[in-house]
Chemist: 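Next up is a structure, given as structure tokens.
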Amino acid sequence: MNYSRYSKAFLAVISFALLIIQVYPLVWVFISSFKAPTDFSSSNPLSLPSKFTFENYLSVWRKGNLGTYFSNSLIVAVTTIVLVILFSAMAAFVIEKMRFKWAQSVLFLFLCGIMIPIQVVLIPLFILYNKTGIINTLTSLILPQVGFALPISIYLFVSFYKYISNEIMEAAVMDGCGIYQVFWRMIFPLSRNTIVTVVVMNLIFIWNEFIFANTFIHDLSSRTIPVGLMDYIGQYGLTDWGATYAAISITTIPTMLVYFIFNKSVISGMTAGATKG
Amino acid sequence: MKAYGKWLILALSLVVLTALVSACGGGSNTGSTAENGSGAPENAGQKAEKKTYKWFVARGVDSPPAVTVKEIADEFSKTHPEFELVLEGTGDRPSYLQKLRTLIASNEMPAMFDTDPDAYASKLIEKGKLVDTKKLLQDLGKYDAFRPVALQYQQFADGSMYTLPIEYGIEVFWYNIKMFKDLGLQPPKTFDEFLKVAETFKQNGITPIAVDGKDKWPVLRYLAFEPFRMTGNDFIENVKQGKASFKDPAGMAGINLVHELGTNGYFQQGFSSTDYTAARDLFLAGKTGIYYMGSWETMNFSNDKLSADMKDNIGFFRLPMMEGAKTAENDYFINSGIGVAFNQETFDDTMKEFVKFLLEKYPEAYTKKGQFSPFNYSLDQAQGMPEVFYKIQDEIAKSGSVFAVPWDTRLDPATNELLGNELNALALGAHTPDDFADLMDQAIKENAPKYFK
């Protein structure tokens with residue numbers, strides 16, 4: 001009896017410590033975004049601001065481009081996610097449920113994509129996009145991101161589909177469903193958790209993606225947030241920390257919201273395919 | 001039979017794919033130069049057409065040099081409506097270099113871009129891609145308008161020059177006048193005095209020196225100080241190809257200095273993770289006595305940027321001397337920043353005219369922003385600049401003709417990377433000076449022959 005009470009207390013302490021370690025840096029960034037420039041120079045970096053000022057947020061706003069960067073990031077993220085879900089759910093369905101001869105090889109081919117480092121494709125993609133004229137457009141960011149997100153997403157869907165028994169599908173077909181109806185009316189809605197997992201997993205990568213955005217985009221008006229954040233780094237490595245923290249605070253909110261909302265589904269989505277039903 | 005068909009289709013599609021891919025590859029050279037013609041020389045008939053020239057900037061588009069050039073370019077566009085200069089860039093050097101190299105590898109070299117006279121630039125020159133700026137300046141009759149050191153800094157070892165300097169800076173030790181006075185100290189003239197000053201500060205519970213250890217180059221300067229005093233730039237020019245050893249007296253003197261400053265706690269605590277802004281702010285907040293940095297920071301040390309405690313409280317002294325020094329007291333680190341290179345392919349008459357216009361306007365416009373230009377140009381007292389600005393301007397006028405070169409522009413990239421990382425370890429006491437010297441010699445032996453072919 002005592003043992004379990006102690007172990008509970010122990011668990012509580014550990015999880016509280018973990019919570020602090022995980023959450024404190026975020027809180028610190030938020031607090032620092034309210035500091036005046038003199039706070040950064042004169043006091044301990046861990047101290048509270050001497051007075052709360054919205055100056056940093058105003059200066060980020062005045063600099064003006066953050067709104068554009070934000071909407072660009074949003075367009076790229078949403079489009080990429082929609083395409084990734086669509087393609088990977090359908091591809092996985094074909095690979096896992098249609099059972100054609102080369103199914104395993106096709107899956108293997110997709111999974112090979114995991115091994116390709118982003119840096120290797122930069123120059124070929126740059127040349128290709130330049131010739132097709134989509135360089136410097138958001139399309140040039142969406143296309144490679146979809147490509148790089150596909151392997152792992154397909155893998156997640158495949159392992160989830162393994163868990164859906166073929167009998168349900170057979171029943172649906174008996175009731176007169178065509179192949180497309182089976183997919184759209186049954187399989188796709190059933191995979192809600194997997195979809196959420198794929199969304200959350202990829203969203204963070206896509207939202208933070210830097211290399212493609214830095215290479216393919218020249219105009220201020222098509223920049224995304226990670227590239228835009230570099231506006232706060234000046235010559236010789238000088239950084240406007242207050243404004244940087246303010247900008248970071250604004251831009252982390254969407255990913256956090258997604259995480260808070262979908263948090264539970266992610267965990268069940270990850271484990272759903274783990275054991276075959 | 002059926003299986004046969006499948007293989008046939010697979011093989012056929014492979015052939016078609018290869019053909020497609022190779023067609024793309026082959027076409028890329030001719031195709032993109034044609035598209036790239038935005039700035040290429042064109043017929044007189046098309047002159048009225050607007051041409052966009054891109055300047056890919058390593059300093060960030062908000063930096064004083066970039067802002068000044070852009071202002072002048074806009075003024076130039078008023079009389080030359082066909083000309084438009086577009087700036088793009090970032091202050092973050094690694095991402096800048098990565099993108100620059102991708103652009104150039106994809107045949108998209110910008111009309112203007114920033115580069116040091118390094119090995120990458122010399123490869124571009126071999127292929128005839130850059131404009132000879134020495135010749136350009138002579139053609140425009142502007143060669144003598146520059147401070148000689150500014151031009152020397154941009155030159156390759158053989159004296160050729162392919163970049164245009166637009167900045168100028170000397171590097172000094174800034175110090176807190178009040179702290180020095182309180183402890184009865186004088187600005188040090190020799191390295192021995194320098195170490196004594198540091199020790200006195202430490203004895204009194206004050207951190208002697210603020211340094212940006214994260215960006216590595218500021219610590220690297222400390223390594224180079226004594227070798228420069230002892231041998232001029234001979235040591236670095238020899239050691240980079242293994243003709244000298246870090247075990248030589250000059251090398252060991254530099255290594256020992258960094259080791260001593262670091263292990264005695266003369267640098268601020270946690271210096272290896274302190275960044276540029278934080279190190280400067282430590283000094284500006286009156287937490288440390290000394291801060292080594294270039295004259296580009298001058299305006300930040302002028303009174304209207306300082307807190308009430310620090311007003312009229314910042315002075316500077318030169319690089320200390322030592323016995324048997326080969327370089328004079330007024331020789332120290334001087335540089336004219338990362339230079340601007342011009343793309344030979346897009347360098348037409350309009351561009352040349354613009355450069356001429358730029359050189360006319362730049363010195364005054366840039367200096368009025370509180371910066372020091374690479375031109376023989378100075379502001380008089382009537383301009384009402386802060387006092388510290390005029391003091392540095394005087395110091396620049398008095399500076400010598402021998403200048404220390406930054407080691408990181410001389411070493412091969414692999415050794416340079418290692419040196420940057422291990423130098424902080426040396427200062428933290430993780431290496432003994434001897435081990436460190438061995439480590440560097442070994443690295444040069446491995447990396448230099450591949451690089452300096």
Chemist: Please test A:L122 against B:Q98 for side-chain contact (heavy atoms from CB on, under 4.5 Å), starting from the C-alpha separation and ending with a verdict.
Modeler: CA-CA 10 Å; A:L122 271 186; B:Q98 193 219 332; 3.0 Å; yes

Chemist: Testing A:T215, A:N214, A:L125, A:I211 one by one against B:T102 for a side-chain contact (heavy atoms from CB on, under 4.5 Å), which residue passes?
Modeler: A:T215

Chemist: Provide the full list of salt bridge (Lys or Arg N to Asp or Glu O under 4.0 Å) pairs with a residue in residues 104-128 of chain A, sequence neighbours left out, each pair given once.
Modeler: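 Residue pairs passing salt bridge (Lys or Arg N to Asp or Glu O under 4.0 Å), neighbours aside: none found.
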
Chemist: Please determine, among B:A105, B:G337, B:G294, B:S95, the option with the most heavy-atom pairs under 4.5 Å with chain A.
Modeler: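 Looking at each of B:A105, B:G337, B:G294, B:S95 in turn, B:S95 comes out on top.
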
Chemist: Within a radius of less than 6.0 Å around CZ of A:F30, do more than 12 heavy atoms belonging to other residues, nucleotides or ligands occur?
Modeler: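 Above 12, so yes.
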
Chemist: Which bit of A:I135 comes within less than 4.5 Å of chain B, counting heavy atoms only: side chain, backbone, both or neither?
Modeler: neither

Chemist: Once rounded to the nearest 0.5 Å, what's the spacing between atom CG of A:D219 and atom CD of B:E88?
Modeler: 7.5 Å

Chemist: Does atom CZ of A:F210 have more than 12 heavy-atom neighbours, drawn from other residues, nucleotides or ligands, at distances under 6.0 Å?
Modeler: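 Count over threshold, so yes.
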
Chemist: Show your working on side-chain contact (heavy atoms from CB on, under 4.5 Å) between A:W241 and B:D275 and close with a plain yes or no.
Modeler: CA-CA 11 Å; A:W241 285 119; B:D275 72 4; 2.7 Å; yes

Chemist: Could you look at B:R280 and say if it's the side chain, the backbone, both or neither that has a heavy atom under 4.5 Å from chain A?
Modeler: side chain

Chemist: Would one find more than 12 heavy atoms of other residues, nucleotides or ligands at under 6.0 Å from atom CZ of A:F108?
Modeler: no

Chemist: Any chance NZ of B:K123 has more than 12 other-residue heavy atoms, nucleotides or ligands included, within less than 6.0 Å?
Modeler: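 No, because the 6.0 Å sphere around NZ of B:K123 holds 12 heavy atoms or fewer from other groups.
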
Chemist: Any chance NZ of A:K97 has more than 12 other-residue heavy atoms, nucleotides or ligands included, within less than 6.0 Å?
Modeler: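 Yes, because the 6.0 Å sphere around NZ of A:K97 holds more than 12 heavy atoms from other groups.
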
Chemist: Please look at B:K214 and chain A and tell me whether the side chain, the backbone, both or neither of the residue comes under 4.5 angstrom of a heavy atom of that chain.
Modeler: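 Neither the backbone nor the side chain of B:K214 comes within 4.5 Å of chain A.
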
Chemist: Measure the spacing between CG of A:L229 and OG1 of B:T90 and express it to the nearest 0.5 Å.
Modeler: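 The CG atom of A:L229 sits 11.0 Å away from the OG1 atom of B:T90.
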
